[in-house]
Amino acid sequence: MSETARLGLPLIEPAQAQKHITHNEALARLDALVGLSTKSRTLAVPPPAPVEADMWLVAAGASGAWSGKDGQIALWQAGGWVFLVPRLGLHMLVEDSGETLVLTAAGWRTHAGDSPVFARLGIGATPDATNRLSVRSPAALFAAVDAGSGGSGDARLIIAKEASTNTGSLLFQTNWSGRAEIGNLGSDDFGFKVSAAGVSWITALSLGRSTGYVNAPTRLRVGSASAPAYTLDVTGDLNYSGNLRKAGAILGTATASVDGFMSAAQAGKLAGIEVAAEVNAAETVGAGAALFAGSKNGTALRFRSLVAGDNIDLQTASDSITLHATESEQVLRSLRVLHLYAAEQRGDRMNMVDGIADPFADGTDIDTGLSGNIYFDPYYKCYSPTLTFGPNLLPAMTAATTSGVTISASTQAAGFEAWQAADQVTTTAWRSSGSGNQWLRFDLGTSRMIGALSVRAANSLLARSPATLNYRTSTNGSSFVTNTPRTGLTWVTGETKTLQVAQLRSTRYIEILMSALPSGGDGLYEVGEIGFHEFVDIADMSLVSVAFDASIAPTQARLSLQAKTMHLPIVLNTHLIAEASRDDGATWTAGPLVFIEALADGLDIYEAAIDLSAQPVGTLLRYRVRTQQGAYVRVGGVVFQWGI
């Protein structure tokens with residue numbers, strides 16, 4: 001049958017019988033192609049319940065009734081599939097993405113029409129729902145329009161936020177992990193924040209919007225890039241005009257020079273003045289030592305923190321050091337951290353006088369009957385809220401690429417290819433062909449919020465199942481974020497382990513890294529099945545301790561937490577709540593949680609002082625940590641004290 005050259009419409013032949021059939025078929029094709037609108041262009045498998053006249057642009061790797069029809073338009077008509085071959089210049093609306101496309105010699109391209117508004121725009125990169133403008137380029141130039149061309153000669157990059165409490169900033173990353181941020185950071189003041197690993201952040205400088213004052217919330221170092229020992233650390237001479245003051249009192253004379261420490265004459269003016277000094281490891285503070293040469297009598301020295309190896313040397317019987325209320329609390333806080341560290345080294349709870357330090361070594365000090373929605377991770381020794389996961393995202397693989405998902409491996413034995421670790425068949429597996437560290441790599445085709453991965457043991461020999469397993473994620477396939485490894489894994493025949501991820505993040509590329517095997521194997525790795533599960537929901541956690549006996553009914557309690565935010569930023573005392581009870585959990589009182597400091601291992605220290613005086617009198621003490629409004633917080637140990 002003859003067809004038209006462009007749209008392939010059937011032509012009526014001379015003296016043809018039943019001309020209406022040919023005519024109606026041509027009209028049906030015109031009806032489909034004119035004002036073309038398809039449901040999606042990402043589907044490679046026919047939908048289960050198509051509706052009359054619905055159309056799809058068949059994606060690559062088509063299967064089933066669409067097999068071999070990649071790139072064609074599938075039209076559901078009269079109970080069957082009709083396939084149309086698109087021609088150059090054809091315009092198409094894709095309903096699920098809202099794109100308007102035109103077919104060119106280079107393939108389908110976005111067609112903006114006359115509208116200057118784009119829902120998403122990518123320049124050398126793929127935009128997504130959050131990064132609607134994505135640019136991958138060695139540099140970007142924004143140049144002003146000069147006055148001779150009708151402009152003002154000015155050039156501004158405007159970042160507008162909704163309210164004072166929102167953030168408008170420039171974020172600088174290394175390997176897709178934040179390192180520095182400048183702008184209006186949760187307020188209308190202008191701030192500078194830095195981070196060592198993209199988790200805990202330190203505000204280095206802040207410019208007051210009303211006063212213009214420069215505030216350094218931590219420490220200020222002048223003359224060197226090394227870490228300062230004091231709040232203000234000056235390399236060389238500190239030269240000042242006028243008086244050097246502390247809380248209104250004169251500490252030195254005009255035009256004096258402080259050469260690191262104060263002279264005896266200047267020290268004489270310190271009587272009764274509190275001097276903020278920090279004692280560092282193996283540093284001695286005393287008369288004739290490093291602080292000042294004169295007598296310290298009548299002078300109060302205030303210490304920020306004490307650590308192992310610190311020495312305080314009093315030279316005469318009249319020398320004394322007074323710890324004020326704030327300083328006493330700082331010393332006690334250091335002791336609480338040391339108690340928890342000692343308990344971690346011991347591997348069990350440590351009982352203190354009127355308190356406990358619990359590193360969550362085995363989870364036995366948590367009352368699971370009173371707790372709710374808790375998940376204990378034996379690898380990280382921590383508690384977190386229960387997450388809800390969806391079904392396995394991977395399709396039943398039949399080749400290295402199936403339904404838009406691609407799997408590869410570092411090595412693979414013949415008959416045990418990588419895709420057989422995701423074919424959803426329990427009798428098949430992937431097996432390496434070489435020894436040493438191995439990996440499996442997955443391209444999901446699109447970014448997903450992965451919350452957990454499932455791993456099934458080796459089929460033939462358990463000693464081929466990985467004893468150390470890690471994973472790393474990426475949004476672009478080149479820059480990866482590596483997570484904390486799971487070590488000491490043991491397996492039983494047919495076992496599937498579901499491993500909750502350490503940090504919720506959107507990702508497209510995932511690598512499963514294997515770096516150790518159990519003893520008794522042949523040096524090869526084998527995995528029966530891999531699955532990825534998308535995060536669906538975070539339950540509100542209630543983490544309740546067992547009861548601890550107090551000698552008398554206490555009126556005060558203090559709860560110190562090692563915790564880490566794993567998903568979105570939290571608001572203390574709204575998303576994370578600390579409570580205590582002295583009547584065995586019948587009555588609970590919350591205390592205001594405050595941030596204390598960030599630890600090197602990524603955890604943060606929070607503390608809450610809790611007033612128990614209004615509770616019924618009792619001596620059975622419990623603590624409770626709650627998360628609210630879907631906060632994902634990992635709690636890695638507590639120090640609970642009462643009667644303080």
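Because the structure is predicted, anything quoted here is derived from the model rather than measured.
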(message) Please list all pairs meeting side-chain hydrogen bond (donor to acceptor under 3.5 Å, both in side chains) that have one or both residues in residues 40-50, counting only residues at least two apart or in different chains.
(response) Ser40-Thr42, Ser40-Asp96, Arg41-Glu99
(request) Check salt bridge (charged side-chain N to carboxylate O under 4.0 Å, His left out) between Arg120 and all other residues, then give those that pass, not counting sequence neighbours. (result) none
(message) A cation-pi test, strictly: NZ or CZ of Arg179 under 6.0 Å from the centre of the six-membered ring of Phe172 and no more than 45 degrees from its axis. Yes or no?
(response) no
(message) Just to verify, what does Asp423 make a side chain to side chain contact (heavy atoms under 4.5 Å, CB included) with, not counting sequence neighbours?
(response) Trp419, Gln420, Val425, Thr428, Glu529
(request) Output all residues satisfying side chain to side chain donor-acceptor pair (under 3.5 Å) with Asn470, sequence neighbours left out; order by chain, then residue number. (result) none
(request) Please identify each residue that fulfils salt bridge (charged side-chain N to carboxylate O under 4.0 Å, His left out) with Arg634, with sequence neighbours left out. (result) none
(request) Sequence neighbours left out, what passes ring-ring contact (aromatic ring centres under 6.0 Å, His included) with Phe535? Give chain and number order. (result) His567
(message) Within the 3.5 Å criterion, strictly below it, is a donor on Thr130 or Asp128 matched to an acceptor on the partner's side chain?
(response) no
(message) Going by ring-ring contact (aromatic ring centres under 6.0 Å, His included), name the residues that satisfy it together with Phe360, two or more places apart in sequence or in a different chain.
(response) Tyr383
(message) Just to verify, what does Ser460 make a side chain to side chain contact (heavy atoms under 4.5 Å, CB included) with, not counting sequence neighbours?
(response) Arg431, Arg464, Glu526
(request) Applying salt bridge (charged side-chain N to carboxylate O under 4.0 Å, His left out), name anything that partners Lys381, two or more places apart in sequence or on another chain. (result) none
(message) If the condition is salt bridge (charged side-chain N to carboxylate O under 4.0 Å, His left out), which residues does Arg505 pass it with, not counting sequence neighbours?
(response) none
(request) Go through the structure and list residues passing ring-ring contact (aromatic ring centres under 6.0 Å, His included) with Phe532, not counting sequence neighbours. (result) Phe442
(request) Could you check if a side-chain atom of Ser403 sits within less than 4.5 angstrom of a side-chain atom of Val45, using non-hydrogen atoms only? (result) yes
(request) Enumerate the residue pairs fulfilling side-chain hydrogen bond (donor to acceptor under 3.5 Å, both in side chains) with a member in residues 45-65, sequence neighbours excluded, ordered by first and then second residue. (result) none
